[in-house]
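Each remark here refers to the structure printed beneath this line.
Note that these values count all heavy atoms, side chains included, but never hydrogens, waters or copies made by symmetry.
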Amino acid sequence: MFKKITAVVLGVCVTSMSLTGVSAADFSDGTTENAVEESTFTDGSEGIETESITAMVNDMAAHAQEKGQEYQEMKVQKNIAAERRASAERAEKIAAMVEESNRKVEKKRVAERKAIVDFALQFEGNPYVYGGTSLTKGADCSGFVMSVFKEFGYELPRVAAAQFNASRKKEISEIEVGDLVFYGGGISHVALYIGDGKIIHASTSASGIKISDYDYETPVGVGTYLK
């Protein structure tokens with residue numbers, strides 16, 4: 001009888017462990033194999049303690065279920081933590097990609113502005129010609145600016161006032177290489193800002209295309225056609 005009851009109890013334990021996914025080590029509560037005496041599991045002629053056996057089996061099943069729930073909760077928490085780590089890693093990769101993309105866009109933007117200025121600088125010293133648009137034979141202020149930008153695919157209006165009106169306005173504190181600086185009460189003059197507080201412009205018939213301080217006269221506005 002003892003062996004049969006032992007087999008039943010072990011069967012209950014193994015079944016509970018299989019259902020919950022808990023290992024045998026989870027049931028270690030300090031009780032030794034000798035905690036239950038064989039005399040408890042006598043045959044019917046000696047008055048088997050059925051209620052004690054049932055209670056013990058129920059306790060073991062309840063313990064197995066509790067351990068199983070704990071195990072499942074640990075798995076859920078582990079999965080949540082793993083997903084959070086994965087999400088954080090994905091966010092970091094996306095942020096790095098965005099930063100790299102912005103860096104490339106900014107590099108291209110600055111490079112275009114510098115290219116326009118470098119192109120314009122090669123015509124320093126060429127003649128000023130009123131109404132002219134030739135970078136080599138002579139141009140006036142707006143003709144010079146218009147012809148420089150045309151080389152880079154920009155179609156600017158012919159005269160300074162129209163160039164100012166069509167441009168995107170900026171504060172003088174926001175001025176960048178490649179922006180246009182306008183002068184005169186009715187916008188009668190335009191120059192190209194080349195950086196370091198300097199401009200290049202077709203100034204007068206006496207001086208031709210030259211470099212000056214941007215504030216050689218008080219600017220009345222800053223505009224741009226560039227990003």
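- Ring geometry, His189 versus Tyr216: the interplanar angle exceeds 60°, so the pair is classed perpendicular (tilted spans 30 to 60°).
- Glu155 pairs by the salt bridge (Lys or Arg N to Asp or Glu O under 4.0 Å) definition with nothing, not counting sequence neighbours.
- Every residue meeting the ring pair (Phe, Tyr, Trp, His ring centres under 6.0 Å) condition with Phe123, not counting sequence neighbours, appears here in chain and number order: Phe119.
- With sequence neighbours excluded, the residues that form a side chain to side chain contact (heavy atoms under 4.5 Å, CB included) with Asp179 are Arg113, Lys170, Ile175, Glu176, Val222, Thr224.
- Partners of Glu106 by side chain to side chain donor-acceptor pair (under 3.5 Å), not counting sequence neighbours, listed by chain and number: Arg109.
- Looking at residues two or more places apart in sequence or on another chain, you find a side chain to side chain donor-acceptor pair (under 3.5 Å) between Ser212 and His201.
- Legend: residues meeting salt bridge (Lys or Arg N to Asp or Glu O under 4.0 Å) with Arg168, ordered by chain and number and at least two apart, are absent.
- Shown here are the salt bridge (Lys or Arg N to Asp or Glu O under 4.0 Å) partners of Asp196, two or more places apart in sequence or in another chain: there are none.
- When Arg84, Glu89, Arg90, Arg85 are each tested for a side chain to side chain donor-acceptor pair (under 3.5 Å) with Ser87, only one passes: Arg90.
- Among residue pairs with one or both ends in residues 76-117, none qualify as ring-ring contact (aromatic ring centres under 6.0 Å, His included); sequence neighbours excluded.
- Under the salt bridge (Lys or Arg N to Asp or Glu O under 4.0 Å) criterion, Lys169 pairs with no residue at all, not counting sequence neighbours.
- Every residue was checked against the ring pair (Phe, Tyr, Trp, His ring centres under 6.0 Å) condition with Tyr128, not counting sequence neighbours, and none meets it.
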Please tabulate, for side-chain N and O atoms in residues 94-101, each donor-acceptor pair with protein atoms closer than 3.5 Å (sequence neighbours left out).
residue, atom, partner, partner atom, Å
Glu100, OE1, Arg103, NE, 3.1
Glu100, OE2, Arg103, NH2, 2.7

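- Residues forming a ring pair (Phe, Tyr, Trp, His ring centres under 6.0 Å) with Tyr225 (at least two apart in sequence, or on another chain): none.
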